[in-house]
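One structure is given below, encoded as structure tokens.
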Amino acid sequence: MPNRYPLLGKIDNPEDLKKLKEEDLVPVCSELRDFIIDSVSCNPGHFGASLGVVELTVALHYVFNTPYDRLVWDVGHQAYAHKILTGRKSVFHTNRKYKGISGFPNRKESPFDSFGVGHSSTSISAALGMAIAAQKKGEQRQVIAVIGDGSLTGGMAFEGLNNAGANNANILVILNDNNMAIDPNVGALKEYLLDITTSKTYNKFKTDVWNALGKFENLGPKARRLVQKLEGSVKSALLHRSNLFESLNLRYFGPVDGHDVEYLVKILNDLKDIPGPKLLHCITTKGKGYKPAEENQTAFHAPGLFDRETGKQIVVKHEKPLPPKYQDVFGETLLELAIMNPKIYGITPAMPSGCSMNILMDKLPERAFDVGIAEQHAVTFAAGMAAEGDIPFCNIYSSFSQRAYDQIIHDVALQNLPVVMCLDRAGIVGEDGATHHGVFDMAFLRPIPNITIVSPLNEVELRNMMFTAQLDNQGPWVIRYPRGRGELTDWKKPFRALAKGKGQLVREGRDLAILCIGPIGNEAIKAANELSLIDIEVAIYDMRFLKPLDEELLEEVRLRFQKIITLEDGALAGGFGSAVLEYFCSKANMPQVVRLGIPDKFIEHGSPTELYRECGIDKEGIKATAFKLVNENIRVK
Ligand SMILES: Cc1ncc(C[n+]2csc(CCOP(=O)(O)OP(=O)(O)O)c2C)c(N)n1
Ligand SMILES: CC(=O)[C@@H](O)[C@H](O)COP(=O)(O)O
Ligand SMILES: [Mg+2]
């Protein structure tokens, strides 16, 4: 079979790339694009974003002396071309797989991955830190941050820009503007960028000035700065308002075509010689070069398996209907509740399709808000609505909610405002790995006063928790549930209000009790059913509430069982098992307790099944622990 990648096959690192002539970069980009399409169509991962920065990635590694010059990607979901060009082409088939390479830049993985990412809006801050560190050491290092227009809606990006403009450090911020986040980008900033991009007068002026610059090849940086200054003031006049970035003292260049690799090489070479903080505004297309991805950019953000020729997503057939995804149960239930209760609103920080709030958005657009990648703002915006008597359901992926910890404490709990925080992707998420596992929320939320924290065993429980939370309306609720599918195909039952702080016995037993919280409890039920075959009878208690804990039920368990396992899809340190231990150790003759959950380490990427097995919280791990506890004395963990 002819080699599909004759040029790319010879590129193992940027040194190999630099040996090519500039005109060879166009076919290199084409082969690199094909390689990404071939790889991701059969090994699912992020897709459209990487296709959108193929030319930018090639130009950056061609012009700059990476890894000495630092390249920091924002979010890092677009860094597949970067990984393929920096020594990982031969292992790229292990991307996001257990013990394979990470789906995001990772300092442990390569010196070319100058900073670990996964959560958005961090690149400018990290790059500025590196640039100032280099400046203090007298190193002539270039530092480049590549940030998307979506990530620029994150407040931290502006903290970085604000500080960058106040330092004369050598930092180049490349704004990769494709008008998309995962869903279409939102906010006033998006409109502003669109204005710059489409302003005819301004663009013509830009091109003229740029060409003039090019004619004076021997212009020293000083003279260029003069020309840039001139351009800045004329540009402001033309745009009838100052350029946002220049008003923050970053020299703004662009907008330029982010898919013209030869033009990018020229500009980046020019920018290399201009000192101080700079921003290059690149216009790209998410999914560039693969029509199905260009035409359906949200679906191809992370498409799963797809047919490379047709772009059709490959769905595995199942004889029986599958249970729904928890996010869809949330989305459909939120719509039902919003129809029942006019006080209910939905708020999402840029994840409308990810958390299925788009169901409410489509049906009742005036009742749902996508606030951009702005978790801190989302929580306090919700608090403001709650302060006015509304009942906002603020949905944030558990790991992204880490961004809004003080807002949850300071703006919501301290004021005891009835915000319903729905933490999707709580627990192990799988292939997104350590940055995205939502394993810390129970431990970091439990100490906060006034807060009610629940996690459902299944879809019916999730619906009833959402229903009860909006009825309660006495203070903040947190409802945490995992990525992926639930347990029940017949889940749309009539709502039933739950008694606050009450758990439930879901399986009788004799030899030991397993106390669990959340859908991980279904692993315990499966384990108990199999243990019963060898005459080990395990009782299962679904505690439902992490806070307030059902102490009456715990007392019943304490009086009936001397051997107890706690089970959670969350960090052991300070989590559900810790809360149970705190209760038991306040009583006489404490039972023997073994806690199962996420150990004190970061869990890498892999399938949820592989990662649950690694943490001992899958059915087999639970069976082994129960068998050992019943048959011998194990030290309390
Ligand atoms: C703090 C945080 N919130 C949300 C996300 C989820 N997320 C990943 S990529 C993305 C959109 C990023 O848009 P942009 O920066 O424009 O990159 P593009 O995909 O358009 O290349 C979002 C919201 C995240 N990774 N981190
Ligand atoms: C890169 C990023 O943060 C998002 O794309 C995230 O990977 C989405 O996760 P889900 O696939 O669980 O929605
Ligand atoms: Mg974008």
Side-chain angles (χ1 to χ4, degrees), residues 44-54 56-57 73-81 96 102-105 117-124 145-157 174-187 189-190 193-194 258 281-288 293 297-304 325-328 348-358 370-378 395-404 424-438 481-485 605 608:
H46 291 98
F47 183 64
S50 283
L51 291 190
V53 296
V54 163
L56 188 56
T57 307
W73 294 96
D74 206 285
V75 180
H77 64 308
Q78 77 289 66
Y80 291 3
R96 292 161 51 95
S102 161
F104 302 101
V117 282
H119 289 189
S120 87
S121 319
T122 63
S123 61
I124 299 170
V146 183
I147 185 167
D149 56 309
S151 300
L152 199 60
T153 62
M156 187 175 170
I174 296 184
L175 171 55
N176 170 35
D177 182 2
N178 56 20
N179 217 9
M180 286 294 291
I182 296 178
D183 301 90
N185 198 8
V186 296
L189 184 66
K190 169 218 165 136
L193 292 176
L194 218 49
H281 184 184
C282 289
I283 306 300
T284 65
T285 301
K286 193 165 184 176
K288 177 75 177 178
Q297 293 173 325
T298 297
F300 275 86
H301 170 83
K325 289 182 180 177
Y326 275 108
Q327 66 185 79
D328 292 330
T348 171
M351 301 302 285
S353 51
C355 78
S356 295
M357 194 173 283
N358 51 1
D370 175 356
V371 297
I373 310 180
E375 287 79 10
Q376 297 179 340
H377 165 65
N395 189 301
I396 306 186
Y397 282 21
S398 167
S399 71
F400 303 155
S401 79
Q402 293 157 188
R403 274 279 160 87
D424 192 343
R425 282 26 176 214
I428 292 284
V429 296
E431 290 77 4
D432 270 346
T435 51
H436 284 63
H437 295 315
Y481 52 89
R483 184 176 197 272
R485 293 188 182 278
H605 47 280

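Just follow the structure's listing: the first ligand is 1, and inside any ligand the first atom is 1. The shown structure was predicted, so the numbers you read here are calculated from the model rather than taken from an experiment. These values consider heavy atoms only, across backbone and side chains, with no hydrogens, waters or symmetry-generated copies.
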Option from Pro105, Ser123, Ser151 for which side chain to side chain contact (heavy atoms under 4.5 Å, CB included) with Trp73 holds: Pro105
Please identify which of these residues, His437, Gln327, His436, meets the side chain to side chain contact (heavy atoms under 4.5 Å, CB included) condition with Arg425. Gln327
Looking at non-hydrogen atoms alone, which of [options] comes nearest to [atom]?
atom: atom 24 (C) of ligand 1; options: Phe47, Phe400, Phe104; value: Phe400
atom: atom 1 (C) of ligand 2; options: Met351, Arg483, His46; value: His46
atom: atom 3 (O) of ligand 2; options: His436, His77, Lys325; value: His436
atom: atom 17 (O) of ligand 1; options: Lys190, Gln376, His77; value: His77

Using the rule given for side-chain contact (heavy atoms from CB on, under 4.5 Å), can you reason through His281 versus Asp177, listing the C-alpha separation, both sets of side-chain angles and the distance that settles it, and then say yes or no? CA-CA 7 Å; His281 184 184; Asp177 182 2; 2.8 Å; yes
Can you pull out the closest protein heavy atom to [atom]? Residue, atom name and distance to 0.1 Å, please.
atom: atom 13 (O) of ligand 1; result: Ala181 CA, 3.3 Å
atom: atom 10 (C) of ligand 1; result: Ile182 CG1, 3.6 Å
atom: atom 14 (P) of ligand 1; result: Gly150 N, 3.5 Å
atom: atom 13 (O) of ligand 2; result: Tyr397 OH, 2.6 Å
atom: atom 19 (O) of ligand 1; result: Lys286 NZ, 2.6 Å
atom: atom 15 (O) of ligand 1; result: Ser151 OG, 2.7 Å

Please check whether Asp149 reaches ligand 1 - meaning an N/O of the residue sits under 3.5 Å from an N/O of the ligand, judged on distance alone.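 The answer is yes, given that Asp149 and ligand 1 share an N or O pair closer than 3.5 Å.
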Are any of the N/O atoms on Met351, whether in the backbone or the side chain, positioned under 3.5 angstrom from an N/O atom of ligand 1? no
Exactly one of Arg483, Arg96, His605 should register a side chain to side chain donor-acceptor pair (under 3.5 Å) with Asp432. Which one does? Arg96
Any sub-3.5 Å donor-acceptor pair from [X]'s side-chain atoms to [Y]'s backbone N or O?
X: Asp149; Y: Asn185; result: no
X: Ser399; Y: Gly438; result: no
X: Gln402; Y: Phe400; result: no
X: Lys286; Y: Ala181; result: yes
X: Glu375; Y: Tyr397; result: no
X: Thr348; Y: Met351; result: yes
X: Thr153; Y: Ile373; result: yes

So for His301, does at least one of its heavy atoms come nearer than 4.0 angstrom to any atom of ligand 2?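 Yes, His301 has a heavy atom closer than 4.0 Å to ligand 2.
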Non-hydrogen atom of Asp432 closer than 4.0 Å to ligand 2: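 Judged by the 4.0 Å heavy-atom criterion, Asp432 does count as contacting ligand 2.
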So if I count the atoms of ligand 1 from 1 in the order they appear, which ones are less than 4.0 Å from some heavy atom of [X]?
X: Gly148; result: 14 (P), 15 (O), 16 (O)
X: Ser120; result: 1 (C), 2 (C), 24 (C), 25 (N), 26 (N)
X: Glu375; result: 1 (C), 2 (C), 3 (N), 4 (C)
X: Ala49; result: 19 (O), 21 (O)

For [X], counting its heavy atoms only, list the atoms of ligand 2 lying under 4.0 Å from any of them.
X: Arg425; result: 10 (P), 12 (O), 13 (O)
X: Phe104; result: 1 (C)
X: Phe400; result: 3 (O)

So, Asp328 and Ser356: side-chain donor and acceptor under 3.5 Å apart, yes or no? yes
Taking side-chain contact (heavy atoms from CB on, under 4.5 Å) as the test, write out the residues that go with Ser401, two or more places apart. Ile396, Leu423, Phe444
Below a 4.0 angstrom heavy-atom separation, can you tell me which part of Asn178, side chain or backbone, both or neither, approaches ligand 1?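 The answer is the side chain of Asn178.
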With backbone taken as N, CA, C and O and side chain as the heavy atoms from C-beta onward, which portion of Ile373 lies under 4.0 Å from ligand 1: side chain, backbone, both, or neither?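 Within the 4.0 Å criterion, Ile373 contacts ligand 1 through side-chain atoms alone.
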Could you go step by step and tell me if Met180 and His301 meet the side-chain contact (heavy atoms from CB on, under 4.5 Å) rule? CA-CA 10 Å; Met180 286 294 291; His301 170 83; over 6 Å; no
Strictly under 4.0 Å, does any heavy atom of [X] approach an atom of ligand 1?
X: Gly118; value: yes
X: Arg403; value: yes
X: His301; value: yes

CG on Leu152 to CG on Asp74, rounded to 0.5 Å: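 Here the interatomic distance stands at 9.0 Å.
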Geometric class of the His77/His46 ring pair [parallel <30°, tilted 30-60°, perpendicular >60°]: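 Answer is perpendicular, since the angle exceeds 60°.
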Angle at the Mg ion (ligand 3): provide the value between OD1 of Asp149 and O of Met180, rounding to 10 degrees.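 Vertex the Mg ion (ligand 3), arms to OD1 of Asp149 and O of Met180: 100°.
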N, O or S from Asn178 under 2.8 Å to the Mg ion (ligand 3): yes
